[in-house]
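Notes follow once the structure below has been shown.
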Amino acid sequence: MINGVIFDMDGLMFDTERMWATFWEPALGLEYKEGLAEAERGTAGETSRNIVRQFYGEDCDANAIIDSLHRVADEEFQKPVPKKPGLDELLAWLDANHIPMAVASSSRVHVIEGNLNNWGLTHYFKALVSGQQVKHSKPDPEIFLLAAEKLGTAPAHTLVLEDSYNGVRAGAAGGFVTVMVPDLLPADDEMRGLYTMECTSLNEVLAKLKTGEL
């Protein structure tokens, strides 16, 4: 029985992961190193800064690089970003069935609010949780546990929808019903060993909820 649903944002609700990958080069002021965007996907805070240091050395100014990245992103996200297919239908169905929803994203809170407000979706959500609000970012489950606390639901009865490897790791570690909806990267053997189910789209998630398979 699903009593609450927690949505990741980038790559799950909105087609923004491809956008984030293009922000690194102008933000860095350095030559982009292959694999950085993939390693950073779904992370925030010190986890994110440590990944920058792994790629550019312990002496690099990771704080300045991440701040620059978010300045580039803030400018790009002023306008509505593309929604993922099935998002509107899933939100409407969950709302009609009185299932509370939260967003738990590594993005900063004003970016979450901006993306939701640009499409008039904010009213659907009981809670918005940002990577800024937790000490440990995904793959640690802290962000999802905080979101579930705000929803008032137990992890075992709370659906986590994720596209990223780190997000699936976090959902599984927290004991959530974790569904992967792959975006840029397909599920691998590790993901298949962690998630509850894989769906090709949010339309399929809705279909599984309607039939009681979730």
Side-chain angles (χ1 to χ4, degrees), residues 1-23 41-42 73-131 138 143-144 146-148 150-153 157-164 166-168 170-171 176-187 191 195-214:
M1 178 67 180
I2 299 299
N3 297 327
V5 180
I6 301 173
F7 288 76
D8 174 48
M9 185 178 71
D10 293 298
L12 189 284
M13 298 177 66
F14 302 107
D15 195 7
T16 47
E17 288 291 14
R18 290 167 181 78
M19 297 174 69
W20 275 106
T22 68
F23 298 161
R41 193 166 295 135
D74 287 348
E75 185 173 338
E76 291 296 321
F77 289 149
Q78 291 298 312
K79 52 188 179 294
V81 296
K83 285 183 288 187
K84 284 289 193 172
L87 177 63
D88 288 331
E89 293 83 356
L90 178 56
L91 294 176
W93 186 87
L94 291 169
D95 186 58
N97 284 273
H98 310 293
I99 298 173
M101 294 170 268
V103 175
S105 170
S106 299
S107 289
R108 300 185 179 192
V109 67
H110 69 274
V111 175
I112 299 171
E113 292 172 343
N115 284 335
L116 295 175
N117 289 338
N118 282 339
W119 286 108
L121 301 177
T122 309
H123 68 281
Y124 282 116
F125 297 97
K126 184 175 180 180
L128 305 179
V129 185
S130 162
K138 304 171 191 177
I143 193 168
F144 291 143
L146 178 57
K150 290 178 179 290
L151 290 179
T153 59
H157 298 287
T158 305
L159 174 61
V160 162
L161 297 174
E162 264 287 357
D163 67 291
S164 74
N166 280 332
V168 171
F176 291 87
V177 179
T178 305
V179 171
M180 184 177 187
V181 185
D183 180 35
L184 298 184
L185 292 176
M191 295 300 107
Y195 63 49
T196 307
M197 183 183 294
E198 179 179 346
C199 291
T200 58
S201 68
L202 296 179
N203 286 315
E204 186 177 355
V205 173
L206 177 55
K208 298 290 187 184
L209 285 166
K210 285 181 174 179
T211 60
E213 293 173 76
L214 277 173

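Hydrogens, waters and symmetry mates play no part in the numbers below; they use all other heavy atoms, side chains included. Just so you know, residue 1 is the first one in the sequence shown, and it goes up from there.
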- Query: Are any non-hydrogen side-chain atoms of L121 and F14 less than 4.5 angstrom apart?
  - Reply: yes

- Message: Between K210 and E213, does any side-chain N to carboxylate O distance fall below 4.0 Å?
- Response: no

- Task: Taking all heavy atoms of D10 and all of D8, pick out the closest pair and write down the distance.
- Result: O-OD2, 3.0 Å

- Item | Straight-line distance of D15 CG to L184 CG, nearest 0.5 Å | 7.5 Å

- Message: Once rounded to the nearest 0.5 Å, what's the spacing between atom OH of Y124 and atom CG of L116?
- Response: 11.5 Å

- Task: For L151 and V5, work out which heavy atoms get closest and say how close.
- Result: CD1-O, 3.9 Å

- Query: Hey, is the main chain of M19 close enough, under 3.5 Å, to the side chain of T16 for a donor-acceptor pair?
  - Reply: no

- Query: Roughly how far, to the nearest 0.5 Å, is CG of L159 from CG of N3?
  - Reply: 11.0 Å

- Query: For L209 and L214, which heavy atoms make the closest approach, and how far apart are they?
  - Reply: CD2-CB, 3.8 Å

- Item | Non-neighbouring partners of A170 that pass side-chain contact (heavy atoms from CB on, under 4.5 Å), sequence neighbours left out | K138, F144

- Item | Shortest non-hydrogen contact between I112 and M9, atoms and distance | CA-SD, 3.7 Å

- Closest non-hydrogen atom pair between A148 and F176, with its separation: CB-CE2, 3.8 Å

- Query: Between the side chain of T196 and the main-chain N/O of T178, is any donor-acceptor distance below 3.5 Å?
  - Reply: yes

- Query: Roughly how far apart are F23 CZ and F77 CZ, rounded to 0.5 Å?
  - Reply: 4.0 Å

- Item | Working for side chain to side chain contact (heavy atoms under 4.5 Å, CB included), residues I6 and V129 | CA-CA 10 Å; I6 301 173; V129 185; over 6 Å; no

- When you look at M13 and L161, which way does the side chain to side chain contact (heavy atoms under 4.5 Å, CB included) test go after all the steps? CA-CA 9 Å; M13 298 177 66; L161 297 174; over 6 Å; no

- Message: Can you confirm whether D183 sits close enough to R18 that some side-chain heavy atom of one is under 4.5 Å from a side-chain heavy atom of the other?
- Response: yes

- Query: Is there a donor-acceptor pair closer than 3.5 Å between any side-chain N or O of S130 and the backbone N or O of S107?
  - Reply: yes

- Query: Which pairs, with at least one residue in residues 104-130 and sequence neighbours excluded, count as a salt bridge (Lys or Arg N to Asp or Glu O under 4.0 Å)?
  - Reply: D67-R108

- Counterpart residues, side-chain contact (heavy atoms from CB on, under 4.5 Å), relative to A187 (two or more places apart): M180, M191, R192, Y195, E198

- Looking only at non-hydrogen atoms, find the nearest pair between V181 and L12 and report the distance. CB-CD2, 3.8 Å

- Item | Inter- and intrachain pairs under side chain to side chain donor-acceptor pair (under 3.5 Å), touching residues 89-104, at least two apart | none

- State which residues pass side-chain contact (heavy atoms from CB on, under 4.5 Å) with D74; sequence neighbours excluded, sorted by chain then number. H110, V111

- Message: Working to the nearest 0.5 angstrom, can you tell me the gap between I143 CD1 and S105 OG?
- Response: 6.5 Å

- Item | Atom pair NZ (K84) and CG (L90), whose distance is rounded to the nearest 0.5 Å | 14.0 Å

- Message: The criterion is ring pair (Phe, Tyr, Trp, His ring centres under 6.0 Å); which residues satisfy it with F7, sequence neighbours excluded?
- Response: F125

